[in-house]
Amino acid sequence: MKKKILVTGGTGYIGSHTAVELIAEGFDVVIIDNLYNSEAEVADGIKMISGVKPQLEVLDICDRSKLDVFFEKHHDIAAVIHFAAYKAVGESVRKPLEYYHNNLMSLINLLGAMKQFNINGLVFSSSCTVYGQPEVLPVNELTPWQPAQSPYGNTKQIGEEILMDTTRADENIKAIALRYFNPIGAHPSGLIGELPRGVPENLVPYITQTAYGLRDELKVFGNDFNTPDGYCVRDYLHVVDLAKAHVVAVKRLLEGKTKSSYEVFNLGTGTGVSVLEAIQSFERATGVKLKYKVTGRRPGDVEKIWADPSLANTELGWKTVSSLDESMLTAWNWEKNIRGKKS
Ligand code: UD1
């Protein structure tokens with residue numbers, strides 16, 4: 001019998017890539033998504049790649065009663081991967097209440113329903129944002145948290161605290177928080193990828209939309225940081241590499257291999273890359289020249305952060321394989337593909 005995995009936010013960017021990898025590994029996937037920032041057709045893209053269309057239930061997990069109805073129907077779920085959340089740093093500064101409500105209510109509801117329906121394994125979409133601006137780089141899982149730089153970051157810190165307390169209080173529930181650095185790129189098939197509604201908040205979709213001619217120019221948020229070239233530094237990893245880590249984490253939960261009831265892993269490449277280097281990588285990989293202009297800093301931005309991924313490397317047996325240039329090329333192919341279809 002195939003094990004059924006619930007993927008919340010499964011039509012979203014990372015969720016859809018994870019659904020593909022789960023299906024490839026023999027899991028049955030059911031998705032909950034409220035389609036706030038994604039399209040139902042993503043399930044067709046997943047089918048084109050994997051041969052299986054995951055079941056999609058359109059609902060908002062901030063609505064506990066609807067979530068309970070869902071679990072009554074799907075009582076055979078073996079584990080949950082929780083992606084559904086708002087995720088834009090800049091937007092969270094402008095709309096803090098929406099971020100606290102959506103990101104925390106959904107997690108609380110999900111954990112409550114999991115307890116009620118006796119589902120014991122959760123993989124949580126966390127972020128390097130929990131570290132704030134760390135004093136020492138790269139960051140490992142023991143690096144102390146600094147104050148969150150944005151409401152978004154704070155929702156991830158509080159989310160992890162909720163998980164720590166819940167797993168401490170209920171010995172049946174096991175959770176793994178995966179702290180992503182900056183996921184970029186798209187599935188090599190070009191059939192799924194990142195598709196933000198409206199103006200992109202993240203760097204790589206802004207780059208690809210600018211290159212495609214949908215935006216006039218990329219605004220680079222500052223080049224006066226305390227970094228080697230003055231630009232912000234991040235750790236960009238390919239979304240397919242990231243998706244595969246979720247499959248490893250789910251198997252770890254299902255096979256009872258966790259070493260404590262709450263585990264955390266950094267998921268990154270281990271290399272810091274500046275915004276300027278990211279632009280240069282895009283240009284090198286695609287042969288397309290990008291129009292950009294340096295403007296002021298963005299509120300809530302961390303100056304520099306990159307991962308020490310050695311715990312994930314050794315304990316999960318996971319590491320990134322795609323290069324930055326490969327990631328940029330897949331992002332570009334996806335942009336061309338989706339715009340071709342939409343025009
Ligand atoms: C943040 C989180 C990350 C999370 C992501 C979700 C931190 C340190 N990182 O990523 O963990 O997965 O949100 O959205 O909190 N930039 C520009 N121009 C643009 C857009 C971005 O210059 O138009 C720059 C930013 O200033 C930043 C870099 O590009 O230096 C990456 O930005 P972005 O893609 O938005 O991701 P983060 O904010 O780093």
Side-chain angles (χ1 to χ4, degrees), residues 5 7 9-27 29 42 45-46 49-50 81-83 87 123-130 138-141 156 176-195 202-205 207-208 233-253 263-273 277-278 281-282 284-286 305-335:
I5 309 299
V7 181
T11 52
Y13 174 44
I14 308 170
S16 57
H17 289 81
T18 300
V20 165
E21 298 305 320
L22 285 167
I23 294 167
E25 290 288 317
F27 289 101
V29 172
V42 172
I46 296 171
I49 299 167
S50 65
I81 308 181
H82 179 43
F83 292 105
K87 57 138 209 168
V123 179
F124 178 63
S125 225
S126 189
S127 166
C128 66
T129 197
V130 296
V139 288
N140 66 31
E141 290 77 0
K156 292 296 175 188
I176 299 178
L178 300 177
R179 294 179 182 158
Y180 319 149
F181 284 66
N182 285 58
I184 59 163
H187 195 270
S189 64
L191 294 167
I192 54 172
E194 191 167 7
L195 189 55
N202 292 113
L203 178 65
V204 173
I207 288 179
T208 55
V233 171
R234 296 286 184 275
D235 184 337
Y236 298 94
L237 75 161
H238 194 277
V239 66
V240 173
D241 285 335
L242 179 61
K244 288 184 172 158
H246 292 79
V247 181
V248 177
V250 158
K251 286 185 177 169
R252 187 175 172 89
L253 286 168
E263 293 187 324
V264 297
F265 296 99
N266 282 348
L267 300 180
T269 65
T271 305
V273 167
E277 289 168 327
S281 163
F282 175 82
R284 189 168 52 234
T286 64
I305 188 162
W306 66 96
D308 173 354
S310 40
L311 186 65
N313 298 162
T314 53
E315 194 59 39
L316 298 180
W318 171 90
K319 68 176 175 48
T320 58
V321 294
S322 290
S323 69
L324 181 63
D325 286 14
E326 284 163 348
S327 303
M328 290 292 182
L329 186 58
T330 57
W332 178 230
N333 287 339
W334 158 249
E335 185 72 59

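Computed from heavy atoms alone, side chains included, the values below leave out hydrogens, waters and symmetry copies.
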Using 0.5 Å steps for rounding, measure from the [atom1] atom of [X] to the [atom2] atom of [Y].
X    : Y    : atom1 : atom2 : answer
L191 : I49  : CG    : CD1   : 5.0 Å
L242 : S322 : CG    : OG    : 11.5 Å
S126 : R179 : OG    : CZ    : 5.5 Å
L267 : D235 : CG    : CG    : 10.0 Å
I305 : R234 : CD1   : CZ    : 7.5 Å
K319 : L237 : NZ    : CG    : 13.5 Å

Side-chain heavy atoms of [X] within contact of [Y], under 4.5 Å:
X    : Y    : answer
H187 : T330 : no
H17  : I192 : yes
I81  : L22  : yes
N140 : S310 : no
V123 : L178 : yes
K87  : N202 : yes
V139 : F181 : yes
W306 : T269 : no

Practice problem: Please name all residues satisfying salt bridge (charged side-chain N to carboxylate O under 4.0 Å, His left out) with K156, sequence neighbours left out, ordered by chain then number. | Solution: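 Checked K156 against salt bridge (charged side-chain N to carboxylate O under 4.0 Å, His left out); zero matches.
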
Quiz prompt | Partner residues of E277 under the salt bridge (charged side-chain N to carboxylate O under 4.0 Å, His left out) criterion, sequence neighbours left out | solution =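 Residues passing salt bridge (charged side-chain N to carboxylate O under 4.0 Å, His left out) with E277: none at all.
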
Closest non-hydrogen atom pair, [X] against [Y]:
X    : Y    : answer
V204 : A331 : CG1-CB, 3.7 Å
A307 : G268 : CB-CA, 4.0 Å
I14  : P183 : CD1-CG, 3.8 Å
L324 : S281 : CG-OG, 3.4 Å
V239 : G185 : CG1-O, 3.5 Å
P205 : E335 : O-OE1, 4.2 Å

Among all residues two or more places apart in sequence or in another chain, which pass the ring pair (Phe, Tyr, Trp, His ring centres under 6.0 Å) test with [X]?
X    : result
F124 : none
F265 : none
F83  : H246

Test your reading of the model: is there a side-chain donor-acceptor pair from [X] to the backbone of [Y], 3.5 Å cut-off?
X    : Y    : value
E141 : N266 : yes
N313 : W318 : yes
Y13  : I184 : yes

Those residues that, when tested against [X], pass side chain to side chain donor-acceptor pair (under 3.5 Å) (two or more places apart):
X    : result
D241 : none
E21  : none
E263 : R252
S125 : Y180

Quiz item: Can you pull the salt bridge (Lys or Arg N to Asp or Glu O under 4.0 Å) pairs that have at least one residue in residues 10-19, sequence neighbours excluded?
Solution: none

Quiz prompt | Pairwise salt bridge (Lys or Arg N to Asp or Glu O under 4.0 Å) hits with a residue in residues 323-334, at least two apart | solution = R284-D325

Self-check item: Audit row: I207, W332, side chain to side chain contact (heavy atoms under 4.5 Å, CB included) steps and yes/no
Solution: CA-CA 9 Å; I207 288 179; W332 178 230; over 6 Å; no

Self-check item: Any residue meeting side chain to side chain contact (heavy atoms under 4.5 Å, CB included) with A278, in chain and number order, not counting sequence neighbours
Solution: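 Checked A278 against side chain to side chain contact (heavy atoms under 4.5 Å, CB included); matches are L203, Y236, V273, M328.
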
